[in-house]
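Take a look at the structure below.
These numbers come from the heavy atoms of this one structure, side chains and all, not from hydrogens, waters or symmetry mates.
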Amino acid sequence: MVEPHPGHEYAYNRWYEDDHYYAGATAMPWIFAGRRWVATKDFQELRYPEKSAVAQPVGAGCYLSTYWVTEGRYDDHMKWTVAINKRLNRDGRVYQDRTHVFTAFQDHEATVYRDGAAGPRDFHALDHPYAGLVLQVVDAEGPEQRAELLEWLRSRHLPKRLKGSPAAMVTVFRPTPLPGDRMTYVKQVEGVDTRLTLLWFLQEDPRSCWASRFTGLDAAVAETGLGRVELVAPFVPTVPGTDRYVDRLR
């Protein structure tokens, strides 16, 4: 999740769309799917909690890029991504006027489906034309509580929330440390032992169901006593190759 610096929105978007999405990601071995998402000002204003451990201020990070990496090939891919991005830096092909708000490689822990065996699987999620995405970040009180929190999410909370919802699935991940030789502008991942990241894939614009489906997620987690919600943020997909939405970020 990245924030282009003020005045650099168009240039950043063109660099990412035309160059980095390919050279810095999907052209590398073991990435098999990707999609970019955007939060215009009205989406940023829906985010909560106001005091977030992920985004300061909570509206920071108007672009989100998501990629699927082949299971069992994380270490191989990481060697490629560090080496390629060092090369891109040397070649002057990395746009510097942006801030990494929340960047992590993560291991898949669970997927909960609204419709059971029907519909796209989670490995289709970045290719299927979903209309929206909600990023939710939850911090457990400790490593043991994270295991309990994951089980509560998987077996109780998410099935209940998904029933009758425009969200077709929720994927749950836990972060892994970034290598020591990562790019200096990307900070080390926080909450490796305590954090969970959820991606809600929606068949509708998140604004159409925000009040009924996505407010109160923080209270639901707090009631368990196992953790706290640090970010709930809605996005819509970008239109590849265009500058759609760029003029609505501020």
The reported gap from OG in Ser165 to CD in Glu204 (rounded to nearest 0.5 angstrom) is 8.0 Å
For residues 206-233, pull every pair meeting salt bridge (charged side-chain N to carboxylate O under 4.0 Å, His left out), keeping only residues two or more places apart or in separate chains. Asp42-Arg207, Glu141-Arg228, Asp205-Arg207, Arg228-Glu230
Taking the side chain as every heavy atom from C-beta outward, state whether Asn85 and Met28 have any pair of such atoms under 4.5 Å apart. yes
Answer yes or no: is there a donor N or O on one side and an acceptor on the other, between the side chain of Ser212 and the main chain of Cys209, under 3.5 Å? yes
Hey, is CD on Glu151 packed in by over 12 heavy atoms from elsewhere, all under 6.0 Å? yes
Those residues that, when tested against Lys41, pass side-chain contact (heavy atoms from CB on, under 4.5 Å) (two or more places apart): Gln44, Glu45
Rounded to the nearest 0.5 Å, how far does CZ of Arg244 lie from OG1 of Thr40? 10.5 Å
Is it true that a side-chain atom of Tyr113 and a backbone atom of Asp122 form a donor plus acceptor pair closer than 3.5 Å? yes
Has the side chain of Thr26 got a donor or acceptor atom that lies under 3.5 Å from a matching backbone atom of Tyr21? yes
What heavy-atom pair brings Ala60 and Ala55 nearest, and what distance separates the two atoms? O-CB, 3.8 Å
If you round to the nearest 0.5 Å, how far is OG1 of Thr176 from CD of Gln106? 7.5 Å
Pairwise distance CG(Asp75) to CH2(Trp30) - rounded to 0.5 angstrom: 12.5 Å
Can you find a pair of side-chain heavy atoms, one from Leu133 and one from Pro237, that are under 4.5 Å apart? no
For Val236 versus Ala131, what's the shortest heavy-atom pair and its separation? CG1-O, 3.7 Å
Aromatic rings Tyr130 and Phe201: how do their planes relate, parallel, tilted or perpendicular, breaks at 30° and 60°? tilted
For Arg121 and Gly116, work out which heavy atoms get closest and say how close. NH2-O, 2.9 Å
Heavy-atom pair with the smallest gap, counting every atom of Ser155 and Pro159: O-CG, 3.8 Å
Run the salt bridge (charged side-chain N to carboxylate O under 4.0 Å, His left out) test against Arg161 and tell me which residues pass, sequence neighbours left out. none
Between NZ of Lys163 and CZ of Arg114, what distance do you get to the nearest 0.5 Å? 13.0 Å
Could you check whether any side-chain heavy atom of His20 comes within less than 4.5 Å of a side-chain heavy atom of Tyr95, counting everything from C-beta outward? no
Could you pull out all residues at least two apart from Asp91 that satisfy salt bridge (charged side-chain N to carboxylate O under 4.0 Å, His left out)? Arg87
Using atom types as modelled and distance alone, determine if a side-chain donor or acceptor of Asn13 lies under 3.5 Å from a backbone N or O of Thr242. yes
Is the backbone of Val58 close enough, under 3.5 Å, to the side chain of Arg47 for a donor and an acceptor to pair up by distance? yes
Other than Trp210, what residues sit in its cluster of Ile, Leu, Val, Met, Phe, Trp and Tyr side chains whose heavy atoms are under 4.5 Å apart, directly or through others? Leu46, Tyr48, Val112, Val134, Val138, Leu149, Leu150, Trp152, Leu153, Leu158, Leu162, Val170, Val172, Leu196, Leu198, Trp200, Leu202, Phe214, Leu217, Val221, Leu226, Val229, Val232
Smallest heavy-atom separation, Ala25 atom then Ile31 atom, equals O-CD1, 3.5 Å
Angle between ring planes, His77 versus Phe105, binned at 30° and 60°: parallel, tilted or perpendicular? tilted
Could you give the distance from CD (Glu9) to CG (Asp97), rounded to the nearest 0.5 Å? 10.5 Å
Do Trp15 and Arg98 make a side-chain contact, defined as non-hydrogen atoms from C-beta onward lying under 4.5 Å apart? yes
Quick one: list whatever passes salt bridge (charged side-chain N to carboxylate O under 4.0 Å, His left out) with Asp243, sequence neighbours left out. Arg14
Which of Tyr16, Trp37, Tyr12 passes ring-ring contact (aromatic ring centres under 6.0 Å, His included) with Tyr63? It is Tyr12
Quick one: does Thr238's side chain get under 4.5 Å of Glu17's, heavy atoms only? yes
Classify the angle between the aromatic ring planes of His108 and Phe173 as parallel (below 30°), tilted (30 to 60°) or perpendicular (above 60°). perpendicular
Should Met1 and Phe235 count as side-chain neighbours, where that means a heavy-atom distance under 4.5 Å? yes
OH/Tyr22: more than 12 non-hydrogen atoms of other groups inside 6.0 Å: no
Whether over 12 other heavy atoms sit under 6.0 Å from Arg250 CZ: yes
Quick test of your reading of the model: are Arg154 and Glu109 salt-bridged, counting only N-O distances below 4.0 Å? no
Check whether Phe43 and Val239 end up in the same hydrophobic cluster, where Ile, Leu, Val, Met, Phe, Trp and Tyr are linked by side-chain heavy atoms less than 4.5 Å apart. no
Is the side chain of Glu3 donor-acceptor paired with the backbone N or O of Cys62 at a distance under 3.5 Å, no angle test? yes
